[in-house]
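Working notes, beginning with the structure itself.
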Amino acid sequence: MKLTQVTTSDITTESVTGTFEEAVRRSEALRADFLKHPRRYRVLTGDRPTGPLHIGHYFGSLRNRVELQQLGLETFIVIADYQVLTDRDSVDSIPENVTEIVLDYLAVGLDPDSGHTHIFCHSHVPALNQLLVPFLTLVGMGELDRNPTVKEEIEAAGLTTVNAAMYTYPVHQAADILFCKGNVVPVGRDQLPHLELTRKIARRFNQRFCGNRPPVFPEPEALLSSAPKILGLDGSQKMSKSRGNAVMLCATADETAALVKKAKTDPDRRITYEPDRRPEVANLLLLVSLCTGEHPDQIAARLGNAGSAALKKEVTDALNQTLAPIRARRAQFARERGLVRETLRRGIAEANRIADATLREARAAMQMSYGID
Ligand code: TRP
């Protein structure tokens with residue numbers, strides 16, 4: 001099925017996303033309110049289990065999740081295993097990838113023992129998945145058709161045929177968020193169209209089924225990451241394991257040094273922070289800055305004419321120092337038999353408890369309780 005062949009009948013003609021600037025402003029206001037009213041919020045975030053996580057994930061989102069946990073916000077983290085089926089054929093690596101990602105979560109400090117962090121996967125929370133059915137009736141084919149992120153992913157994966165789950169995964173994602181009535185979703189810019197769709201689904205469900213009764217679903221808000229985007233070490237736009245340009249959280253100090261050594265730079269010995277003109281050098285300075293908190297300009301000034309070898313040594317040391325405690329914890333957790341299973345078991349139990357309650361409410365709103373629920 002080609003995208004262009006899908007016939008469309010729009011339910012509405014609303015724009016796909018709000019403005020980016022609006023989302024940035026709203027995120028800042030949210031952050032301020034978290035300090036005052038942490039209990040008003042429930043955070044839902046997630047990842048596809050496609051492999052162990054790297055420093056792009058860490059600086060872009062994991063570190064932020066730990067902060068939210070420390071503020072006392074309840075957080076559900078979905079390991080989106082069903083979503084993996086949308087763009088690859090083999091399921092062989094899923095079990096290992098799920099284990100790796102849980103270890104990464106625990107290693108960076110996401111902690112189920114905090115009592116308000118729950119790690120679970122799609123495939124074990126039936127009521128979550130069931131919300132997909134009514135939600136699909138609230139979305140027009142045209143809306144799915146216009147989703148820029150899905151289009152990019154289809155292109156990037158080089159898919160010649162597109163299955164229906166690929167097309168509808170943003171609706172599934174709405175179920176991920178709304179099953180627990182999540183009202184804050186930390187996202188990168190590329191996920192904003194999905195969040196906008198989730199808001200519409202919540203609104204339309206409430207309008208269509210709740211009448212004058214209280215709404216079932218909140219309209220969740222995006223919490224945009226304030227961290228700048230990290231490029232791959234080869235200077236390409238995206239850091240990813242498959243491109244071999246990513247420092248994995250679980251890499252050793254030596255592997256990190258070797259990878260940074262190969263990083264692309266330019267012949268100018270003078271180190272300056274100019275993201276547009278010298279993106280590779282700027283990216284390395286940014287990595288140091290993310291580790292140490294020092295401004296990239298300052299790091300560049302300190303290095304002066306030292307050349308790229310000195311810059312790379314700086315990057316390696318900063319990364320290895322920041323990652324050392326994470327790597328030590330990860331190694332220790334990996335040795336604890338049953339830890340991953342127990343983490344998932346607890347998270348799944350809590351997710352099911354909440355999902356069952358939400359589905360019951362949704363059924364009541366849709367007049368499908370039949371005196372049984
Ligand atoms: N689609 C997200 C990604 O590819 C993963 C994801 C699944 C997610 N469900 C979610 C993210 C719900 C946020 C909220 O990274």
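Residues: numbered from 1 along the sequence shown. Note that ligands are numbered from 1 as they come in the structure, with each ligand's atoms numbered from 1 the same way.
- With ligand atoms numbered from 1 in the order given, ligand 1 contributes 12 (C), 14 (C) to contacts under 4.0 Å with heavy atoms of L44.
- At under 3.5 Å, a nitrogen or oxygen of D176, whether backbone or side chain, sits near a nitrogen or oxygen of ligand 1.
- Between Q191 and ligand 1 there is a heavy-atom distance shorter than 4.0 Å.
- With respect to atom 1 (N) of ligand 1, the closest heavy atom belonging to the protein is Q173 OE1, 2.9 Å.
- A 6.0 Å sphere centred on CD of Q130 holds no more than 12 heavy atoms belonging to other residues, nucleotides or ligands.
- Using a 4.5 Å heavy-atom threshold, the side chains of S236 and R243 count as touching.
- Looking at heavy atoms from C-beta onward, M248 lies in side-chain contact with K241 at the 4.5 angstrom threshold.
- Near R48, meaning under 4.0 Å from any of its heavy atoms, are these atoms of ligand 1: 3 (C), 4 (O).
- Atom-to-atom distance recorded for I101:CD1 and H57:NE2 is 7.0 Å, nearest 0.5 angstrom.
- Counting the atoms of ligand 1 from 1 in the order shown, those under 4.0 Å from a heavy atom of G46 are 5 (C), 11 (C), 13 (C).
- Counting the atoms of ligand 1 from 1 in the order shown, those under 4.0 Å from a heavy atom of A80 are 7 (C).
- Only side-chain heavy atoms of Q83 come within less than 4.0 Å of ligand 1; its backbone N, CA, C and O stay farther off.
- Taking a 6.0 Å sphere around NZ of K264, one finds it holds 12 or fewer heavy atoms contributed by other residues, nucleotides or ligands.
- The side-chain hydrogen bond (donor to acceptor under 3.5 Å, both in side chains) contacts involving residues 179-190 comprise K181-E361, where partners must be two or more places apart or lie in separate chains.
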